[in-house]
Structure formats: C-alpha cells, structure tokens
Amino acid sequence: MENNVKLDAHGEELMQQYRDLLPTLEQLARDTRELLDTALREQGIYVTAMECRVKTERSLAGKLELKGAKYKSIDDITDLVGLRIITFYTDEVDKVAALVKRIFDVDWHESVDKRKLHQLDSFGYNSLHYICRMKSGGPRFELQMRTALQHVWSTIEHDLGYKGAVKMPREYKRQFSRLAGMLELVDDEFSRLRIVLTDYRRQVQSLVKSGQLDDVLLSAETFRSYLELHPFDRLNRRIAAVNQAEIYPVSMLPFLFVLESFGMETIGDVQRFIDDNSEDAYQLALSQLAITDLDILSSSAALQYLCLVHVLKHGGGRDGLKAVYDMINGETADNVILADTILEQAETLSFMQSRKDEES
C-alpha cells in the first residue's frame with residue numbers, strides 16, 4: 001500500500017477482496033483478450049490496437065480513497081479489468097460493438113455511448129464504453145472502443161494535463177476546443193471518404209465487367225479489376241503453344257508503370273493497346289521462342305511482348321526497349337543485351353518492315 005494513501009476500514013476490506021480476486025481477474029483479462037482476438041479475426045475486422053490491463057493495487061487504492069464509500073463490495077467496481085479496442089474509422093467502432101454484444105453479456109444500465117454527449121471539448125473522450133461479463137459469469141469488466149484519432153487526442157490531453165487539477169486559462173481551453181473540433185471533423189471525413197472510395201471501387205468493377213472501359217481511369221485498383229477479366233490469357237496461350245510451355249502465374253502490376261509511361265489514361269486505352277498489337281506481339285514471341293526449348297512461361301509474357309512491340313512501332317528503338325526492361329526488371333547491364341536481342345529478332349517482322357517503308 002502506498003504510504004500517502006489512507007483507507008478507512010471499508011476501503012481496506014475492499015482492498016483485501018481485490019487481492020483475493022486478483023488471480024481470477026488476471027485469468028479474465030487473458031480470456032477476454034483471446035476471445036476478442038479470435039472473433040475479430042474470424043469477422044475480418046482489422047483494428048489498429050487492443051489494450052488490456054488489470055487495475056493495479058496502487059490505482060485501486062487511489063480510487064477507494066476518493067470514493068470507496070459508494071461501493072458495497074469489490075463486485076461493484078466495474079473496471080478492475082479494462083480493455084480498449086482502437087480502430088481506424090468511426091464506423092468500425094460500431095462493427096466492433098456489434099461483435100462485443102454477441103460474445104459477451106453487456107450491462108446496459110452501466111454502459112454509456114459518450115459519442116452522443118456532444119460536448120465541445122470531449123473529442124478524446126468520445127469512446128463507446130461497455131460494461132460486460134463473460135456469458136459463463138464471473139466479474140464484470142470495462143471495454144472501451146474508440147478511433148485512433150480519438151485515442152491520440154486523449155493521450156495528448158492527458159500528457160498536457162488538460163483534465164488535471166490546475167485550472168486551465170480560458171484562451172487555452174478555447175484552443176483545445178478548436179483543435180478537438182478539427183480532429184472530430186477529420187475523423188468523420190476519413191470514414192466518409194472510405195465509404196466513397198468503396199462505392200467507387202464497386203462502380204469501377206461494374207464498368208469494367210460491362211465493357212465500359214473508356215469510363216475507367218487507369219490506376220492500380222482499376223488495373224487489378226481489369227486483370228480479373230484475364231485480358232492477356234488468349235495471347236499467352238498462343239505464345240505458350242509455340243513450345244507447349246506451361247504458364248505459371250506472376251503479378252502483372254509492375255507493368256502498370258510501363259503502360260502509364262506510354263501515355264495510357266484509361267482501361268479503354270489498355271484494351272485498344274491489346275487489340276492493336278496482339279498479332280505483332282505473337283510474331284515477335286514466335287521469332288524468339290521458336291529457336292528455344294523453353295517449356296515454362298510466365299503469365300506476364302503476353303503483356304511484355306505487347307509492350308516491346310508498342311515501343312518498336314513508335315520508334316523507341318534500343319533506348320525505349322531498355323526503358324521497358326528497366327521498369328519491369330530493375331536497371332541492370334543485362335537490359336541492354338535484352339534490348340539488342342529484341343531489335344535483332346524484330347528486324348524481319350512485317351510490322352517493322354512496314355515502319356521502314358513509311359519512313360523511307
């Protein structure tokens with residue numbers, strides 16, 4: 001017991017009840033955390049942090065010294081075990097709350113949604129507080145749910161002593177209120193933006209599937225959706241048939257930078273790029289693979305040959321070919337050799353002959 005904490009007889013009795021109950025509380029903390037971890041993982045809910053603690057004897061002594069008389073027994077103190085779940089977005093707080101209601105018994109009389117209090121300076125305290133009990137019984141425990149911004153602000157307030165014993169001057173309280181309001185707006189806007197972007201992704205997927213490709217801007221997200229249509233499969237199968245090669249899957253996202261360097265802005269541009277160059281890409285692949293016994297081919301082969309043909313058709317030459325290899329392989333001396341090889345093998349192909357005729 002801390003020397004500066006003085007408890008009356010009732011407080012000492014409660015403290016002894018706490019000591020007797022401590023092993024149960026420590027087990028309860030482990031069990032509740034494990035249950036929450038499992039449930040969150042099964043529901044696919046990602047949280048930024050989960051904190052769990054058993055109230056220390058020192059902390060309890062301070063509480064009992066101030067208001068021990070209001071508690072008849074140790075069971076009346078609901079925060080001997082406390083958990084805090086921190087989410088990124090405000091709507092995820094409600095998802096976690098729904099999960100908590102399913103796996104624990106919630107004491108609604110003791111629980112409070114501080115988000116509904118709407119106090120001007122209470123942003124960091126706008127947690128959702130549930131008082132819960134395991135469905136199998138046992139001591140109650142406190143579970144707080146809040147966003148990461150609310151948690152950071154609460155920590156800052158505590159660090160600066162805003163809620164401490166020293167009376168805060170009016171101008172500082174006003175600054176705190178302004179900052180709290182700004183953070184609350186940011187918190188809400190992040191959630192709103194997340195909903196908007198989710199709707200946009202669904203709209204993009206719908207446009208891609210319906211073939212309205214010119215309405216879809218080229219980006220990592222839209223290119224990924226486009227790849228779900230397997231736009232390069234037909235050309236890959238033709239190329240693989242040259243040597244009866246097996247196709248193994250690889251990511252084609254690195255080629256996004258190549259396509260953007262070609263000036264493509266929409267998924268429609270990518271589709272036209274495929275339509276315009278597929279036959280010539282096949283001829284280039286045939287000229288290269290027919291003299292080999294290569295029997296394994298990556299799923300990016302078709303896209304790579306399409307890119308190489310595009311460079312050659314647009315007069316990119318050796319430097320343009322090397323730039324493509326640099327983007328997909330990283331800059332190495334071997335890329336110059338690869339570029340020279342492609343130039344040599346493409347010399348006799350019809351699309352290169354047509355280009356020479358146009359230039360002459």
Side-chain angles (χ1 to χ4, degrees), residues 1-37 49-86 96-97 100-101 103-117 119 121-146 150-168:
M1 184 72 64
E2 294 292 313
N3 293 331
N4 59 342
V5 176
K6 294 182 174 57
L7 299 180
D8 58 18
H10 181 62
E12 291 290 356
E13 181 184 350
L14 293 176
M15 185 61 72
Q16 186 55 51
Q17 292 177 17
Y18 160 82
R19 295 187 186 108
D20 294 340
L21 190 61
L22 189 56
T24 300
L25 297 176
E26 291 171 342
Q27 185 62 49
L28 176 62
R30 290 191 291 270
D31 291 345
T32 51
R33 177 166 193 137
E34 183 179 343
L35 266 174
L36 283 167
D37 273 334
M50 185 190 302
E51 301 172 355
C52 182
R53 62 103 183 106
V54 176
K55 188 178 283 293
T56 64
E57 185 167 325
R58 176 182 177 182
S59 175
L60 179 60
K63 185 169 191 171
L64 293 177
E65 183 183 35
L66 290 175
K67 46 187 178 181
K70 68 178 287 190
Y71 305 116
K72 292 182 179 179
S73 76
I74 199 67
D75 294 333
D76 293 333
I77 303 177
T78 59
D79 64 345
L80 294 176
V81 172
L83 295 97
R84 181 181 292 130
I85 298 178
I86 302 167
V96 172
V100 168
K101 286 186 284 187
I103 62 178
F104 300 123
D105 287 332
V106 179
D107 184 339
W108 296 111
H109 179 70
E110 296 284 349
S111 300
V112 60
D113 188 349
K114 293 190 176 183
R115 301 172 301 173
K116 297 178 180 179
L117 300 179
Q119 294 175 355
D121 62 347
S122 65
F123 173 69
Y125 293 85
N126 283 349
S127 307
L128 180 57
H129 289 207
Y130 280 175
I131 303 302
C132 306
R133 194 190 305 269
M134 297 284 275
K135 287 190 177 293
S136 58
R140 290 180 294 175
F141 57 92
E142 182 181 70
L143 201 156
Q144 297 180 11
M145 293 152 279
R146 62 167 57 148
Q150 288 170 346
H151 183 60
V152 168
W153 181 243
S154 177
T155 304
I156 290 173
E157 282 186 321
H158 184 271
D159 181 60
L160 295 178
Y162 177 60
K163 296 291 184 179
V166 178
K167 186 173 178 62
M168 184 71 64

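Heavy atoms only: backbone and side chains are in, while hydrogens, waters and symmetry mates are out. Quick caveat, the model's predicted, so the values are computed rather than measured. Numbers here simply count residues along the sequence, with the first being 1.
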Exercise for the section: May I ask you to test the Leu128-Val96 pair for a side-chain heavy-atom distance under 4.5 Å? Expected result: no

Practice task
Compare all side-chain heavy atoms of Leu36 with those of Val100 and state whether any distance is below 4.5 angstrom.
Solution key: yes

Please enumerate all residues that pass side chain to side chain donor-acceptor pair (under 3.5 Å) together with [X], with sequence neighbours excluded.
X	value
Glu34	none
Asp31	Gln27
Glu26	none

Which atom of [X] lies closest to which atom of [Y], heavy atoms considered:
X	Y	answer
Pro139	Leu28	O-CD2, 3.7 Å
Leu143	Phe104	CD1-CE1, 4.3 Å
Ile103	Leu35	CD1-O, 4.3 Å
Asp8	Gly11	OD1-N, 2.6 Å
Val54	Ala29	CG2-CB, 3.8 Å
Leu25	Val81	O-CG2, 3.5 Å

Handout entry: Qualifying side chain to side chain donor-acceptor pair (under 3.5 Å) pairs, either residue in residues 130-144, two or more places apart
Key = Arg84-Gln144, Asp105-Lys135, Asp107-Arg140, Glu142-Gln144

Handout entry: Qualifying side chain to side chain donor-acceptor pair (under 3.5 Å) pairs with a residue from residues 59-69, counting only residues at least two apart or across chains
Key = Lys55-Ser59, Lys63-Asp79

Problem - Value rounded to 0.5 Å, distance of CE in Met15 from CD1 in Ile74 - result: 7.5 Å

Completion exercise
Taken to the nearest 0.5 Å, the spacing of Leu14 CG from Leu21 CG works out to 11.5 Å

For the side chain of [X] and the backbone of [Y], is there at least one donor-acceptor N/O pair under 3.5 Å apart?
X	Y	result
His10	Tyr71	yes
Arg19	Glu57	no
Asp76	Ser73	yes
Glu110	Ile131	no

Problem - Set of salt bridge (charged side-chain N to carboxylate O under 4.0 Å, His left out) partners for Asp75, sequence neighbours left out - result: none

